[in-house]
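Shown next, in structure tokens, is the structure this report addresses.
Given the structure is predicted, the values throughout are model-derived calculations rather than measurements.
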Amino acid sequence: MSLSPVLARIDADITAATDRLLDLLRIPSISTDPAYKDACQTAADWLVADLQSIGFDASKRPTPGHPMVVAHYDGPGPHVVFYGHYDVQPVDPIDLWDRDPFDPAIEDTAKGKVIRGRGSSDDKGQLMTFIEACRAWQAEHGTLPCKITIFFEGEEESGSPSLIPFMKENAEELTGDVALICDTGLFGESTPAIVTMLRGLLGEEITITGPSKDLHSGMYGGPAMNPIRVLAEMISRLHDDQGRVTVPDFYDGVPELPDDIARQWRDLGFDAGDFLGEVGLSTPAGEVDRTALEMIWSRPTCEVNGIWGGYTGKGFKTVLPSKAHAKISFRLVGQQDPHKIRENLRAYLTAMLPPDCQIEFSGHGASPASQMEIDHPAFEQARHALSDEWPNAAAYVGCGGSIPIAGYFKTYLGMDAMLIGFGKDDDQIHSPNEKYDLSSFHKGTRSWARILDALSKDA
Ligand code: BES
Ligand code: ZN
């Protein structure tokens, strides 16, 4: 079966493909907010119907949370398992969007056409690149070049609570020769990337309680301990003056970067100034003795993602609040053990509590870092296929984000996973005005068509 008519078909079909993506983007499948539970069902139904229309045996599978979508196509050759997620992040702060996040559109920008809307890049646009590649193979040849299982999750953005049990229960169905994950980015404008290292994630929500009720800050301020002050003190003590995290034993299991990888990364020519400049910054924060790329790809970090308490509305209120809250997350690398770190963090913060205050914790996800085995022949086949599509050859890179399933494929199903995606740093994922370049969508689709072709030659 030849590849070139498939690529031509993708080119000819790009407008219809974009319209299909816009349809999917209109469904507000925010997984973390229970108000959008029905929308998550609708998105799963939409995907099932679309996959059925191109010959997959597709179904929506219930979980205690949002459903999974599983689809099979019994083609020849190697069995690839493709993963993406149909859930999206919340849209707030909504007033910073230039359009309704769920009324997506194609916009002309100085850098070319973009698809604007929540989920366009993370991850609906990306998962549709794979579906569109399959559609073009089907349309042109009446079949697909390999045996394919598609697995879409609806809880990735909220810590994947149903994922491990689902993978264990459906292990046989979800296991193939290699997993393909489309939820990462390019390295710069014209360089495709295969991610070989992914950081883990540990989330923790903290509530400090001081007085039993909100108080007048003039009547009680002074003698009554303010929980916001306690929380601020705790947060300020999570890093030392060298930018290192101070939780006891936090760096256990953090490896030094091997020389060959350090060299490879240096050769990528990453410009920290440009990277920070794009977001209005100029001076790297973080560990003083590390490069920006190391800090993102191979060093663990601690970030406060949210902090609230007291009066935050318009005007002013002289309140001494009863409670203060924060959401804190840690990116993990190497062999760092998320459960041990959670335990150490809780003990560390509890020991800082002044008299009369209480602390409560609630955990949000705990996934270790994962390292891909690039010895599997699929890696070089995919690298060549990508290099044929893009101006520059594909690079092996790290990734600062976390995609828990990458490690689970190995741990629970014994499969290697290849992380290939077409997002860009300026896609504003998780932020207002998220977009996906039309070129990412189009060339991403062409890339998958080429990768499927390359993998099928392995049979
Ligand atoms: N697509 C991202 C992961 C990612 C981030 C890839 C940045 C490339 C660059 C994924 O959807 C994501 O956001 N993951 C969350 C995981 C979490 C909510 C459990 C993350 O990394 O914060
Ligand atoms: Zn995301």
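The existence of a salt bridge linking Lys340 and Glu343 is excluded, since no basic side-chain nitrogen approaches an acidic carboxylate oxygen closer than 4.0 Å. Checked for salt-bridge contact, Asp289 and Arg299 miss the test: no charged N lies under 4.0 Å from a carboxylate O. Between Asp23 and Arg26 a salt bridge is recorded (basic side-chain N to carboxylate O distance below 4.0 Å). Checked for salt-bridge contact, Asp437 and Lys111 miss the test: no charged N lies under 4.0 Å from a carboxylate O. Taking 4.0 Å as the cut-off between side-chain N and carboxylate O, Arg263 and Asp267 do not count as a salt-bridged pair. A salt bridge links Glu204 to Arg346: one of the charged nitrogens lies within less than 4.0 Å of a carboxylate oxygen. By the 4.0 Å N-to-carboxylate-O rule, Glu132 lies close enough to Arg20 to be salt-bridged with it. Note on Glu256 versus Arg290: salt bridge recorded, some NZ/NE/NH1/NH2 to OD/OE distance being below 4.0 Å.
Rounding to the nearest 0.5 Å places OG1 of Thr18 at 5.5 Å from CD1 of Ile115. With rounding to the nearest 0.5 Å, the separation of NZ in Lys443 from CD1 in Ile10 is 11.5 Å. Between atom CG of residue Leu452 and atom CG of residue Leu180 there is a gap of 7.0 Å, rounded to the nearest 0.5 Å. The distance from the CG atom of Leu201 to the CG atom of Leu332 is 7.0 Å, given to the nearest 0.5 Å. Atom CD1 of Ile261 sits about 6.0 Å away from atom OG1 of Thr196, to the nearest 0.5 Å.
Remark: the backbone N or O of Leu24 is paired with a side-chain donor or acceptor of Lys124 at under 3.5 angstrom. Panel note: side chain Glu434, backbone Gly119; a donor-acceptor pair is recorded below 3.5 Å. The backbone N or O of Val254 sits nowhere less than 3.5 Å from a side-chain atom of Gln336 that would complete a donor-acceptor pair. At least one donor-acceptor pair under 3.5 Å links the side chain of Gln138 to the backbone N or O of Ile54. The main-chain N or O of Val245 is found under 3.5 Å from a side-chain atom of Tyr251 such that the two form a donor-acceptor pair.
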Derivation of the side-chain hydrogen bond (donor to acceptor under 3.5 Å, both in side chains) call for His442 and Asp11: CA-CA 8 Å; His442 184 192; Asp11 297 349; 2.7 Å; yes
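With hydrogens and angles left out, the side-chain atoms of Tyr348 and Thr246 include a donor and acceptor closer than 3.5 Å. In this model, a donor atom of one side chain and an acceptor atom of the other lie less than 3.5 Å apart for Ser59 and Arg61. Under 3.5 Å, the side chains of Asp122 and His85 contain a donor-acceptor pair of N or O atoms. Between the side chains of Tyr408 and Ser370, no donor-acceptor pair of N or O atoms lies under 3.5 Å.
Proximity of Pro255 to Gln335: side-chain heavy atoms (C-beta onward) are nowhere separated by under 4.5 Å.
Residues Phe166 and Phe151 bring their aromatic ring centres within 6.0 Å. Remark: aromatic rings of Trp46 and Tyr86 are distant, center separation not under 6.0 Å.
Ring geometry for Trp265 versus Trp297: interplanar angle over 60°, hence perpendicular rather than tilted (30 to 60°). Using bins of under 30°, 30° to 60° and over 60° for the plane-to-plane angle, the ring pair Phe330/Phe250 lands in the tilted bin.
The side-chain contact (heavy atoms from CB on, under 4.5 Å) test with Glu156 is passed by exactly one of Ser31, Ser402, Pro404: Pro404.
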